[in-house]
Amino acid sequence: MDDLGRGASLHALEPPPSPEAGFSTRRRVRTGDVDPQRRLRLDSVARYLQDIAADNLDATGHARTDPFWIVRRTVIDVIEPISWPATVGLQRWCSGLSSRWANMRVRLTVEDSENPEDPDGMPAPGTAAPGPPTRRGGLVETEAFWINVTAAGLPARISDSGMASLAGTTDIHRLRWAGLTQGCPPERPGEPQDRPHLLRSTDFDPLQHVNNAAYLAVVEDELQQHADLLQRRHRVVIEYLRPVTQGATMTVRRRRAGDRLELWLMVDGIVAAAVLVTPIPAASASPASASPASASPTASVRYRPQE
């Protein structure tokens with residue numbers, strides 16, 4: 001991948017090699033997953049990605065050979081927002097790998113959005129019966145850069161069986177890391193002041209680090225001030241740079257320049273995560289595919305997140 005200045009942040013997320021590729025599952029969107037407008041939140045998408053990764057690991061049996069992974073970066077393309085109520089199909093496959101890491105794609109598509117409890121289908125005041133159920137679409141494409149690690153968190157070679165599973169859906173076997181976010185600029189007069197972000201006990205996982213999804217809750221807070229980005233097809237790139245432990249004080253630096261929103265989540269002046277939000281040109285959005293496929297082997301994670 002090229003660097004950000006040459007447009008790598010908008011490289012297209014290619015569709016799966018076939019409807020049967022990789023591992024598939026489905027889940028129901030719940031009220032705790034959405035914002036007041038019923039849009040599936042970014043932090044909920046991150047939790048879905050964690051869940052399907054764990055399920056994929058269990059299904060392949062690679063919990064014994066490749067049990068620990070961390071996430072270095074997540075890319076989320078909101079092509080068509082997913083709304084509650086809905087049943088979402090998730091398809092996960094490898095789109096590139098090397099001996100110690102892999103790019104894992106997950107496509108989220110709405111399979112069923114009709115629900116008699118849908119508020120849009122409830123009776124209007126003074127009427128006796130609800131209207132027809134409302135059917136909604138929805139498509140979110142994601143890509144995450146996963147690193148295989150030891151129990152101590154050090155990069156480790158993927159097992160032979162794990163490599164064989166991953167290689168079944170990609171021809172890219174020399175994947176290299178290239179950052180998509182930029183370094184944090186200094187504070188400057190006339191630009192938004194850094195704001196504090198309160199870390200809650202529920203943000204931390206059993207490893208005593210802030211969970212990946214909790215970082216995206218910060219992005220959700222900031223995007224409320226940038227509705228124009230939410231109302232278009234948009235891409236969110238988050239790169240996890242350092243773990244954040246309990247007792248830390250986090251501050252958020254942000255910059256908006258044209259259609260680009262950038263965030264830096266910092267602890268003691270050091271960036272823990274960097275975020276880029278941009279619109280997606282229509283030509284870069286991958287088309288929806290058929291319903292997600294049935295399971296086949298792909299290596300995954302007994303989730304050890306980078307937080």
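The figures here come from the full heavy-atom set of this structure, side chains too, leaving out hydrogens, waters and symmetry mates.
- Trp93 and Pro15 make their closest contact through CZ2-C, 3.7 Å (heavy atoms, listed as atom of the first residue, atom of the second, distance).
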*Check the pair Val271 / Leu265 against side-chain contact (heavy atoms from CB on, under 4.5 Å), numbers first and verdict last.*
CA-CA 6 Å; Val271 178; Leu265 284 58; over 6 Å; no

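- Closest of all the heavy-atom pairs between Pro67 and Leu57 is O-CD2, 4.3 Å.
- Of the candidates Ile158, Ile147, Val149, Trp101 forms a side-chain contact (heavy atoms from CB on, under 4.5 Å) with just one, namely Ile147.
- For the pair Arg254 and Trp264, the cation-pi criterion (under 6.0 Å, within 45° of the ring axis) is not fulfilled.
- Ser98 places no side-chain N or O within donor-acceptor distance of the main-chain N or O of Arg100, the cut-off being under 3.5 Å.
- Taking 4.5 Å as the limit, some side-chain heavy atom of Ile238 sits within range of a side-chain heavy atom of Leu216.
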*Taking it one step at a time, do Thr87 and Arg27 satisfy side-chain contact (heavy atoms from CB on, under 4.5 Å)?*
CA-CA 6 Å; Thr87 298; Arg27 64 181 298 159; over 6 Å; no

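- Rounded to the nearest 0.5 Å, atoms CG (Leu180) and CG (Leu276) are 8.0 Å apart.
- For Thr142 (side chain) and Ile76 (main-chain N/O), no donor-acceptor pair under 3.5 Å exists by modelled atom type.
- A cation-pi arrangement is present between Arg73 and Trp177 under the rule of less than 6.0 angstrom and at most 45 degrees off the ring axis.
- Side chains of Val75 and Val236 form no contact here, defined as non-hydrogen atoms less than 4.5 Å apart.
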*Are Leu223 and Leu261 close enough, and set up right, to give a side-chain contact (heavy atoms from CB on, under 4.5 Å), and what steps lead you there?*
CA-CA 9 Å; Leu223 280 173; Leu261 173 65; 3.8 Å; yes

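- A donor-acceptor contact shorter than 3.5 Å links the side chain of Arg105 to the backbone of Glu14.
- The shortest distance between side-chain heavy atoms of Arg157 and Ser99 falls below 4.5 Å.
- No more than 12 heavy atoms of other residues, nucleotides or ligands sit less than 6.0 Å from atom CZ of Arg174.
- A donor-acceptor pair under 3.5 Å links the side-chain atoms of Thr169 to the main chain of Cys94, judged by distance alone.
- Between Val219 and Leu263 there is a side-chain heavy-atom pair separated by less than 4.5 Å.
- For the pair Glu220 (side chain) and Leu42 (backbone), a donor-acceptor distance under 3.5 Å is present.
- Salt bridge annotation for Glu111-Arg26: present, with a cationic side-chain nitrogen under 4.0 angstrom from a carboxylate oxygen.
- Closest heavy-atom contact between Val110 and Gly137: CG2-O, 3.6 Å.
- Between the side chain of Ser44 and the main chain of Leu40, no donor-acceptor pair closer than 3.5 Å is present.
- Taken to the nearest 0.5 Å, the CG atom of Leu229 stands 14.0 Å off from the CZ atom of Arg235.
- Between Asn211 and Ala213, the shortest heavy-atom contact is OD1-N, 3.0 Å.
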*Tell me, with the steps shown, if Glu187 and Arg253 meet side-chain contact (heavy atoms from CB on, under 4.5 Å).*
CA-CA 8 Å; Glu187 285 192 279; Arg253 184 166 298 171; 3.2 Å; yes

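- Remark: Asp33 engages Arg47, Tyr48 in a side-chain hydrogen bond (donor to acceptor under 3.5 Å, both in side chains) (not counting sequence neighbours).
- Two residues are said to be in side-chain contact when any heavy atoms from C-beta on lie closer than 4.5 Å; Tyr240 and Val71 meet this criterion.
- With rounding to the nearest 0.5 angstrom, the CG atom of Leu241 is 12.0 Å from the CE atom of Met266.
- Taking 4.0 Å as the cut-off between side-chain N and carboxylate O, Asp35 and Arg41 do not count as a salt-bridged pair.
- Rounding to the nearest 0.5 Å places OG1 of Thr181 at 3.5 Å from CD of Glu239.
- Residues satisfying the salt bridge (charged side-chain N to carboxylate O under 4.0 Å, His left out) test with Asp228, not counting sequence neighbours, are Arg232, Arg256.
- Two residues are said to be in side-chain contact when any heavy atoms from C-beta on lie closer than 4.5 Å; Val88 and Leu90 meet this criterion.
- A search for side chain to side chain contact (heavy atoms under 4.5 Å, CB included) contacts involving His197 returns Arg195, Leu199, Val218, Asp221, Met250, Val252, not counting sequence neighbours.
- Contact of the Arg233 side chain with the Val78 side chain is not registered, since no non-hydrogen atoms from C-beta on lie closer than 4.5 Å.
- Between Arg255 and Glu262, none of the side-chain N atoms (NZ, or NE/NH1/NH2) sits under 4.0 Å from a carboxylate O, so this pair counts as no salt bridge.
- Taking CG of Asn148 as the start and CG of Leu154 as the end, the distance is 11.5 Å to the nearest 0.5 Å.
- Side-chain contact between Val29 and Ile82 is present, with heavy atoms from C-beta onward closer than 4.5 Å.
- To the nearest 0.5 Å, atom CG of residue Leu175 and atom OG1 of residue Thr170 are 8.5 Å apart.
- Judged purely by atom type and a 3.5 angstrom limit, Gln91 uses its side chain to pair as donor or acceptor with the backbone of Ala21.
- Between Gly162 and Ser159 the shortest heavy-atom distance is N-OG, 3.0 Å.
- Few gaps surround CD on Gln224; more than 12 heavy atoms of other groups in view lie less than 6.0 Å from it.
- Between the Asp58 side chain and the Asp55 main chain, no donor and acceptor come within less than 3.5 Å of each other.
- Residues Ile172 and Ser95 share a closest heavy-atom pair of CD1-O, 3.6 Å.
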